[in-house]
Amino acid sequence: MPTALITGASRGIGAAMTRELTARSFDTIGTSTKGGDGLYPLDVTDPQGPAALAQTLSGTPIDLLVCNAGLYLDQGQSLATGYPAEMWAKEFAVNITGVFLTVQAFLPALRAAQGKIAIISSQMASHTRAPGGSYIYRSSKAAALNLGRNLATDLRPEGIAVGIYHPGWVKTDMGGAGAEITPEAAATGLSDRFDALSIATTGCFETWDGRDHAY
């Protein structure tokens, strides 16, 4: 049975992906900041957190690592007076530094399984789609896209594929009640993308429903 590790799995898209991948016969390992309810504790802003979890799970090959944990704190901030430095630091710590440290910590487990890495970014990462506002979130997700593209280059010789994904506008605490799709629909589409990910498509930036996204 393949093993999937999903960060940010306590609610929303992460919880739905955990259920979906379990239904697809994965042994799923979910994380949340505080753990509990069958989840492992992982605070991705703690520089030692990912390494400590990797040590706890030592000996478990990871077939699929889904870097899903994310923050969106700056919605509605004012250009003139908003976006304080501490908000930049906190959001980047989760959305990009936490992604890198998690991938780095689980590289041995990914190598053992010749696994795959899925980074949940956003269409807001695209420089071709720039309607303004949400500067921190857009910047952090663009950084996650860039990180994924470069990881794909470095890990290609080892047979580890990396995909970057826009999960859709999803009805979650982050996406709001007026969003377009349910977490379950996003999870189904994303899981299809993970199944299709290969070395031939490594470095892809795709939508949840299988469309190539402009960088």
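Quick note: residue numbers are just sequence positions, from 1.
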Would you find a donor on one side and an acceptor on the other, under 3.5 Å apart, between the side chain of [X] and the backbone of [Y]?
| X | Y | value |
| --- | --- | --- |
| Asn68 | Thr7 | yes |
| Ser126 | Ala214 | yes |
| Lys141 | Ile120 | yes |
| Thr201 | Cys204 | no |
| Asp43 | Thr33 | no |
| Lys116 | Asp195 | yes |

Inspect the contact between [Y] and [X] and indicate whether a charged nitrogen and a carboxylate oxygen are less than 4.0 angstrom apart.
| X | Y | value |
| --- | --- | --- |
| Arg111 | Glu158 | yes |
| Arg211 | Asp209 | yes |
| Asp192 | Arg24 | yes |

Where is the tightest heavy-atom contact between [X] and [Y], given as atom of each residue plus distance?
| X | Y | result |
| --- | --- | --- |
| Gly163 | Leu197 | N-CD2, 3.6 Å |
| Thr202 | Ala152 | OG1-CB, 3.4 Å |
| Ile199 | Gly159 | CD1-C, 3.5 Å |
| Ser191 | Leu21 | OG-CD2, 3.7 Å |
| Thr3 | Phe26 | C-CD2, 4.0 Å |
| Gly148 | Ile119 | CA-CD1, 3.7 Å |

Revision key, fill the gap. Those residues at least two apart in sequence (or on a different chain) that pass side chain to side chain contact (heavy atoms under 4.5 Å, CB included) with Pro131 are Arg129, Arg138
[X] versus [Y]: any side-chain heavy-atom pair under 4.5 Å?
| X | Y | value |
| --- | --- | --- |
| Thr207 | Gln123 | no |
| Lys90 | Leu73 | yes |
| Leu57 | Ile29 | yes |
| Val44 | Leu42 | yes |
| Leu79 | Tyr135 | yes |
| Tyr137 | Glu91 | yes |
| Pro41 | Lys34 | no |
| Glu184 | Arg19 | yes |

**Study point:** Intermediate values then yes/no, side-chain hydrogen bond (donor to acceptor under 3.5 Å, both in side chains), Thr28 and Thr18
**Key:** CA-CA 6 Å; Thr28 56; Thr18 300; 5.5 Å; no
Practice item. Answer yes if Leu71 and Leu39 sit in the same cluster of Ile, Leu, Val, Met, Phe, Trp and Tyr residues linked by side chain heavy atoms under 4.5 Å apart, and no otherwise. Key: no
Calculate, to the nearest 0.5 Å, the distance between atoms [atom1] and [atom2] belonging to [X] and [Y] respectively.
| X | Y | atom1 | atom2 | result |
| --- | --- | --- | --- | --- |
| Ile13 | Ile6 | CD1 | CD1 | 12.0 Å |
| Phe106 | Ile117 | CZ | CD1 | 11.5 Å |
| Ser139 | Asn95 | OG | CG | 10.5 Å |
| Asp37 | Ser32 | CG | OG | 8.0 Å |
| Thr188 | Glu20 | OG1 | CD | 4.0 Å |

Pair up each side-chain donor or acceptor in residues 80-87 with any protein partner under 3.5 Å, not counting sequence neighbours, and list the distances.
from, atom 1, to, atom 2, distance (Å)
Thr81, OG1, Ser78, OG, 3.3
Tyr83, OH, Ser134, N, 3.1

Review point. Is there a side-chain contact (heavy atoms from CB on, under 4.5 Å) between Trp88 and Ser140 once you walk through the steps?
Key: CA-CA 9 Å; Trp88 282 90; Ser140 66; over 6 Å; no
Practice item. Test side-chain contact (heavy atoms from CB on, under 4.5 Å) on Leu107 and Leu155 and set out the steps. Key: CA-CA 10 Å; Leu107 269 178; Leu155 294 173; 3.9 Å; yes
Review point. Which residue pairs pass the ring pair (Phe, Tyr, Trp, His ring centres under 6.0 Å) test when at least one of the two sits in residues 190-210, sequence neighbours left out?
Key: Tyr165-Phe194, Phe205-His213, Phe205-Tyr215
Review point. Passes side-chain contact (heavy atoms from CB on, under 4.5 Å), Leu65 versus Cys67? Steps please.
Key: CA-CA 6 Å; Leu65 173 62; Cys67 296; 4.1 Å; yes
Exercise for review: List the steps, then state whether side-chain hydrogen bond (donor to acceptor under 3.5 Å, both in side chains) holds for Asn150 with Asn146.
Suggested key: CA-CA 6 Å; Asn150 283 281; Asn146 185 276; 3.1 Å; yes
Review point. Given Leu5 and Leu64, is the side-chain contact (heavy atoms from CB on, under 4.5 Å) satisfied, shown in steps?
Key: CA-CA 6 Å; Leu5 173 63; Leu64 175 63; over 6 Å; no
